[in-house]
Asks: 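Sharing a structure, written as structure tokens. Questions coming.
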Amino acid sequence: MYINKIESQKVFELKNEINFESDAVASKTLVQYKNTGITLFSLDKDESISEHTSPGDALVTILEGDAEISINGEIFSLVCGQSIIMPADVPHALKAITSFKMLLVVIKEEK
């Protein structure tokens with residue numbers, strides 16, 4: 001199995017696969033290969049991930065709560081159920097407006 005951190009052939013809600021940690025950012029890697037990463041994150045209220053770049057396109061889907069995502073200096077407000085793509089090599093940052101959980105899928109160029 002390639003996705004082996006969650007039981008297969010079972011209905012589940014992704015948001016229940018990671019917990020909030022007080023005053024912290026938590027993550028749970030579901031898949032990590034050379035060109036593909038799938039990770040769950042939870043950020044407690046007012047926590048953030050500082051500005052950085054990634055060598056791959058990153059798809060973020062908010063699973064619970066509200067987040068503010070900055071991409072190349074432009075600020076986007078996202079709520080549960082919304083998604084955004086952060087392009088490769090473009091600076092981005094995340095901030096928890098309320099405690100929030102997200103699914104992050106990163107796809108890198110095959111080499």
Side-chain angles (χ1 to χ4, degrees):
M1 287 184 48
Y2 300 104
I3 302 175
N4 57 12
K5 305 286 185 186
I6 298 175
E7 186 178 346
S8 65
Q9 299 180 38
K10 176 184 166 189
V11 177
F12 63 95
E13 289 187 53
L14 273 174
K15 70 179 184 178
N16 295 334
E17 296 298 319
I18 190 165
N19 296 316
F20 290 114
E21 295 183 18
S22 182
D23 301 321
V25 175
S27 66
K28 179 179 182 178
T29 300
L30 303 180
V31 171
Q32 188 63 59
Y33 295 106
K34 186 170 132 183
N35 303 321
T36 306
I38 303 174
T39 308
L40 292 171
F41 281 89
S42 69
L43 284 80
D44 200 11
K45 184 179 190 230
D46 296 325
E47 292 297 314
S48 62
I49 297 175
S50 61
E51 188 172 71
H52 63 284
T53 60
S54 170
D57 287 344
L59 168 68
V60 170
T61 298
I62 305 301
L63 304 173
E64 181 178 328
D66 304 320
E68 184 177 275
I69 297 178
S70 167
I71 303 173
N72 208 24
E74 185 174 355
I75 303 219
F76 301 88
S77 295
L78 284 84
V79 298
C80 183
Q82 293 183 317
S83 301
I84 195 164
I85 295 174
M86 301 179 297
D89 303 316
V90 174
H92 55 271
L94 299 93
K95 180 177 180 185
I97 302 306
T98 66
S99 295
F100 84 94
K101 297 177 182 180
M102 70 177 191
L103 175 68
L104 174 69
V105 178
V106 178
I107 306 294
K108 300 175 189 170
E109 179 181 5
E110 289 189 44
K111 293 184 180 183

Asks: Suppose the criterion is salt bridge (charged side-chain N to carboxylate O under 4.0 Å, His left out): which pairs have a residue in residues 69-80, not counting sequence neighbours?
Replies: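 Matches after skipping sequence neighbours: none remain.
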Asks: Specify the closest pair of heavy atoms between Gln82 and Ser77, including all atoms of both residues, with the distance to one decimal.
Replies: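 Here Gln82 and Ser77 meet closest at OE1-O, 3.8 Å.
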Asks: What pairs of residues pass the ring-ring contact (aromatic ring centres under 6.0 Å, His included) test when at least one of them lies in residues 59-82, not counting sequence neighbours?
Replies: none
Asks: Out of curiosity, does Leu30 fall in the hydrophobic cluster containing Leu59 (side-chain heavy atoms, cut-off under 4.5 Å, transitive links)?
Replies: yes
Asks: Kindly write out the residues that satisfy side chain to side chain contact (heavy atoms under 4.5 Å, CB included) with Glu21, not counting sequence neighbours, or none if the list is empty.
Replies: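 Listed in chain order: Ala24, Ala26.
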Asks: Looking at CG of Leu94 and CG of Leu43, how far apart are the two atoms once the value is rounded to the nearest 0.5 Å?
Replies: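 The CG atom of Leu94 sits 7.0 Å away from the CG atom of Leu43.
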Asks: So if you build clusters from Ile, Leu, Val, Met, Phe, Trp, Tyr with side-chain heavy-atom gaps below 4.5 Å, do Val60 and Ile107 land together?
Replies: no
Asks: Applying side-chain hydrogen bond (donor to acceptor under 3.5 Å, both in side chains), name anything that partners Thr61, two or more places apart in sequence or on another chain.
Replies: Ser83
Asks: Would you mind writing out the side-chain donor-acceptor pairs for residues 84-91 within the sub-3.5 Å range, not counting sequence neighbours?
Replies:
none

Asks: Would you kindly confirm whether Ile38 and Leu40 end up in one hydrophobic cluster when ILVMFWY residues are joined by side chain heavy atoms under 4.5 Å apart?
Replies: yes
Asks: So, the side chain of Ser54 versus the backbone of Gly56: is there a donor-acceptor pair under 3.5 Å, distance only?
Replies: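 Yes, because the side chain of Ser54 sits within donor-acceptor range (under 3.5 Å) of the backbone of Gly56.
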Asks: Mind jotting down which residue pairs meet the ring-ring contact (aromatic ring centres under 6.0 Å, His included) criterion with at least one end in residues 34-73? Sequence neighbours excluded, please.
Replies: His52-His92
Asks: Tell me whether Phe20 is reachable from Ile97 by hopping between hydrophobic residues (I, L, V, M, F, W, Y) whose side-chain heavy atoms are closer than 4.5 Å.
Replies: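 Hydrophobic grouping puts Ile97 apart from Phe20.
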Asks: Taking only residues two or more places apart in sequence or in another chain, which ones pass salt bridge (charged side-chain N to carboxylate O under 4.0 Å, His left out) with Glu47?
Replies: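 For Glu47, no residue satisfies salt bridge (charged side-chain N to carboxylate O under 4.0 Å, His left out) once neighbours in sequence are set aside.
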Asks: Tabulate below the donor-acceptor pairs under 3.5 Å that side-chain atoms of residues 3-12 make, not counting sequence neighbours, or state none.
Replies:
none

Asks: Would you tabulate the side-chain donor-acceptor contacts of residues 98-105 under 3.5 Å, counting partners in other chains and residues two or more places apart, or write 'none'?
Replies:
from, atom 1, to, atom 2, distance (Å)
Thr98, OG1, Asp66, N, 2.9
Ser99, OG, Asp44, OD1, 2.8
Ser99, OG, Lys45, N, 3.1
Lys101, NZ, Lys15, O, 2.7
Lys101, NZ, Ile18, O, 2.8

Asks: Give the cluster check for Tyr2 versus Val31: same hydrophobic cluster or not, with ILVMFWY residues linked at side-chain heavy-atom distances below 4.5 Å.
Replies: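 Tyr2 and Val31: one cluster.
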Asks: Under the salt bridge (charged side-chain N to carboxylate O under 4.0 Å, His left out) test, which residues partner Lys34, sequence neighbours left out?
Replies: none
